[in-house]
Each structure stands twice: as structure tokens, then as C-alpha cells.
2 protein chains.
Amino acid sequence: MILDAAARLATVEGLEGLSIARLADKAGFSKSGLFAHFGSKEELQLATIEAAWEVYGREIIEPALRENDPVARLRGLAEGFLTLIGGDVFPGGCFFASATAEFDTRPGPVLDRLTVLDDEWMRNLSEQVSAARAEGLFRETVDPEQAAFDINAFLHLANERYTLHHDATDLDRARRSINAYLSAAATT
Amino acid sequence: MILDAAARLATVEGLEGLSIARLADKAGFSKSGLFAHFGSKEELQLATIEAAWEVYGREIIEPALRENDPVARLRGLAEGFLTLIGGDVFPGGCFFASATAEFDTRPGPVLDRLTVLDDEWMRNLSEQVSAARAEGLFRETVDPEQAAFDINAFLHLANERYTLHHDATDLDRARRSINAYLSAAATT
DNA sequence: GCGGAAAGCGACCGGTCGTGCTATGTATTG
DNA sequence: CAATACATAGCACGACCGGTCGCTTTCCGC
């Protein structure tokens, strides 16, 4: 519960800007009481990352991977992301986009973990493209990593712009672009 | 000169995380001496934004807009962005991507200015698409704002990933995607 | 050569940060 | 019932933050 609040707060104030005092206040603890659970701020950040990743796994990845064909899984990942962003779970937009933007020039265990999880997200996307190609649903000319890059690009910019303007138009733009992209990649 | 250093530093430490003391140290001034030039930290941030925007105008926008046909201008904007990102002017990646990610949940004059400049950047892109359509270079089915969104998405993700991994592959991915996109939009 | 404005400096303020150390309650266990 | 483990709170610390103040230096118009 503490970590869920931490993840939510981190999208607004940043993972580093999230102060232990404010988080403790939000969770109804004293500063030192909360601090005792984690040995350091970095441990708190790492635990917050895991909590956020669990949300993504539960809300996006697992439901999407339960679909039958790879194209549906791909659509599930994208739609799950856009739905999560459009909801109010993370008031400051995608947790990992915020955190990565903040830590991309701050080497250390936090950035390492964020990098691993971003790679895993990209791998999830590209694997579905590979599978779609293997099943003959996508053209052979479609490069899985390039396709993962493109789809992720639409999702990321939608997140940025929606966080900024809270206008669902930007989410729909990503939906339209991804639809067009998948249609162009399809064999039929 | 101070503001150029500020813009460079801000991409690494963040526009808010950039402390007056560290900037003064970097620029060879005393803290109070530097502070006297700006009435507040916010004024410093706003001045830094203007300095960074001038770099973008000089290095990307103006050269690109000197091209003859709109498609070349579009390519110029994209290539100018990727070249600037790939250079070492902004060690922490695109200044505006960093700053916007940091301030997107922090209302105030800084966010207002960032929003205006982002709109202007998007307008630059979409206007070239409109012009290309008007000159018969792009299909009538191409939506200028949607196209600007898509191209900007490729550029933004390339920036994120290049800042993270310093691997030129990500810049090339954006180049490839934009090339494919422009080819698909062309009438020929 | 001189006077005043401007620029730059160091010291300092109140506040917040992360982080230790210590005490107090509160269960659990023998 | 006593003793031990654990969760939480209180408090103080050093570091750093943005910001202020008064002093010194520098420079320019006369």
C-alpha cells in the first residue's frame, strides 16, 4: 500500500523528488517509521519500481499475453498501455517514462533496473511481431525490433502529450497510428 | 554563455535539479553574483529555456526551413533533430523532452512556456505536411496533425533511447521509420 | 582624476533533505 | 509473567537548497 502510493506520487514529483517525509505524510506514518522499512532512499526507489512493474504486469502484460494470436497480443499490449495511461492510476503519466527520463543520466542500481524492465517491455513487443511473422500474419519484410520501436514510439508520445494536455485525442492518435501500422504490416 | 551552460546542465540534472550553486561553480561565478542577474530561480529557468530554444532555432529549424520543397523541409527538421541529439551539445538528450517530462505535472510559467514551444515545434512539422499535400507531393488522405504526431513520436523515442544507451542504432531506427513513413505518404 | 553606478563577492538565513541514534509501545514466545 | 523481537515515533545531525544583505571591486561618463 505504501509502495503503491509511492509509485503514484513518483509520477508527479519524480522518483528522486519524492521525499520520504511527504510519502510518510501521505501514508500516515512518521518519517523515521517509514524509513526503517527501507534501509535507504535508493532501496525505497527500487522497491517502488518493483511495485509499479507489478501493476504493469497485472494490468497490461498478463491480460494481453492471454490472447490467442500474436497480433491480438500486440493490440492488447498497446491498448492496455493506453488504457492505463488514460486512467488515474498514475496521475503523472507512465511511471517508467517519468522515471527513465529522470534517471537516464544518473548511473546506478535504479537506472540499471529501469533499463532491464524497459528492455523486457520492448522484448514483449518484438516477440509478438516475430510470432506474427512466423505464423504468416505479418509480411517477412517486417523487422520485429523496428516494429517494436515504432509501436513504442506511438505509445510513448501519446503518454507524454496526454500527461501534458489531458486530452484523449492524443491517445486516439496513437490508436490510429498503431492500427495503420498493423494493417500495413499484415499480409492480407 | 551562462545560459548555454545552464541548458547543457539542465539536460543532465534537470531544469529544477539544476542548482544555482552548481551552475555558478561551472560558470566560474559566485552563487550570489550569478543570482543577481536573475531575480529568482524561475526567471533563470525561463531564460534557460529561451537560450535552448535559440539553439534549436539556429541549428534545426532555420536551416530546414531554407529548403525549397516541403518534403525536404520535413526531412531537414527530422535530420536536424537527430543530428543535434547525436552531438554533444546536450549531454542529457533533447532539452525540451527532459524539461517537459520534469515539469508536465508542475503548473506555472515554466510549463506554460514549454507547452507553447512544443506546440510551435509540432506546428512546424504539420505545416510542412500541409504544404506537401497542397503541392500534390503527399496523398490527400494524409492528416497533417497525425503525420506530425507520428514523426515526432519517432524522434522522441530515438532521443529517449539514445540518451539511455548512446547507441546510434536508435537514431538510425528513427531515420528508417521516418523514411518509410514519408515514402508511404508520397503520391509517387 | 574622480564619483557614482553596476557587478560580483562571501557570509548568512530559514527550510528541507536523507539518515542515523534512541526510546516507547506492542506482540510473540518460553 | 518475563523476556525478547519488532514496528513506530522523536529528535538531532550535517548537507544542500533558494534567497538576502552588505561590502568590495570594477568600470564608465564627466
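Donor-acceptor pairing under 3.5 Å is lacking for the side chains of B:Glu102 and B:Ser98. No side-chain donor from either of A:Asp167 and A:Tyr162 sits under 3.5 Å from a side-chain acceptor of the other.
Side chains of A:Leu23 and A:Leu44 form a contact here, defined as non-hydrogen atoms less than 4.5 Å apart.
Between the side chain of A:Ser32 and the base of D:dG10, at least one donor-acceptor pair of N or O atoms lies under 3.5 Å. With hydrogens and angles ignored, no donor-acceptor pair closer than 3.5 Å exists between the side chain of B:Lys31 and the base of C:dG10.
DNA chain C is contacted by both A:Ser40 and B:Phe29; B:Phe29 maps to the nucleotide lying nearer its 5′ end (nearest heavy atom per residue).
Between the CG atom of A:Leu34 and the P atom of D:dT8 there is a distance of 9 Å, rounded to whole Å. When the P atom of C:dT16 is taken as reference, atom CG of A:Asp25 falls 12 Å away, rounded to whole Å. Put simply, CD1 on A:Ile20 is 10 Å from P on C:dC17, counting in whole angstrom units. Between the P atom of D:dC16 and the NZ atom of B:Lys41 lies a distance of 15 Å, rounded to the nearest Å. We find that CD of A:Glu16 is positioned 14 Å from C1' of C:dT16, with the value rounded to whole Å. At whole-Å resolution of the value, CD in A:Glu43 and P in C:dG18 are 15 Å apart. Rounded to whole angstrom, the span from the NE2 atom of A:His37 across to the C1' atom of D:dA9 amounts to 12 Å. If you take CG of B:Leu23 and C1' of D:dG18, they are 13 Å apart, rounded to a whole angstrom.
Contact annotation for B:Ala36: no contact, since no heavy-atom pair falls under 4.0 Å across all strands. Note on A:Leu44: nothing from the nucleic acid sits closer than 4.0 angstrom, heavy atoms only.
Taken to the nearest 0.5 Å, the CD1 atom of B:Ile151 stands 11.0 Å off from the CD atom of B:Gln146.
Between the side chain of A:Lys41 and the backbone N or O of A:Leu18, at least one donor-acceptor pair lies under 3.5 Å.
For B:Ser30, whose side chain is taken as the heavy atoms from C-beta onward, the closest listed nucleotide among C:dG18, D:dA9, C:dC9 is C:dC9.
For D:dC16, neither phosphate oxygen OP1 nor OP2 lies less than 4.0 angstrom from any side-chain nitrogen or oxygen of B:Arg22.
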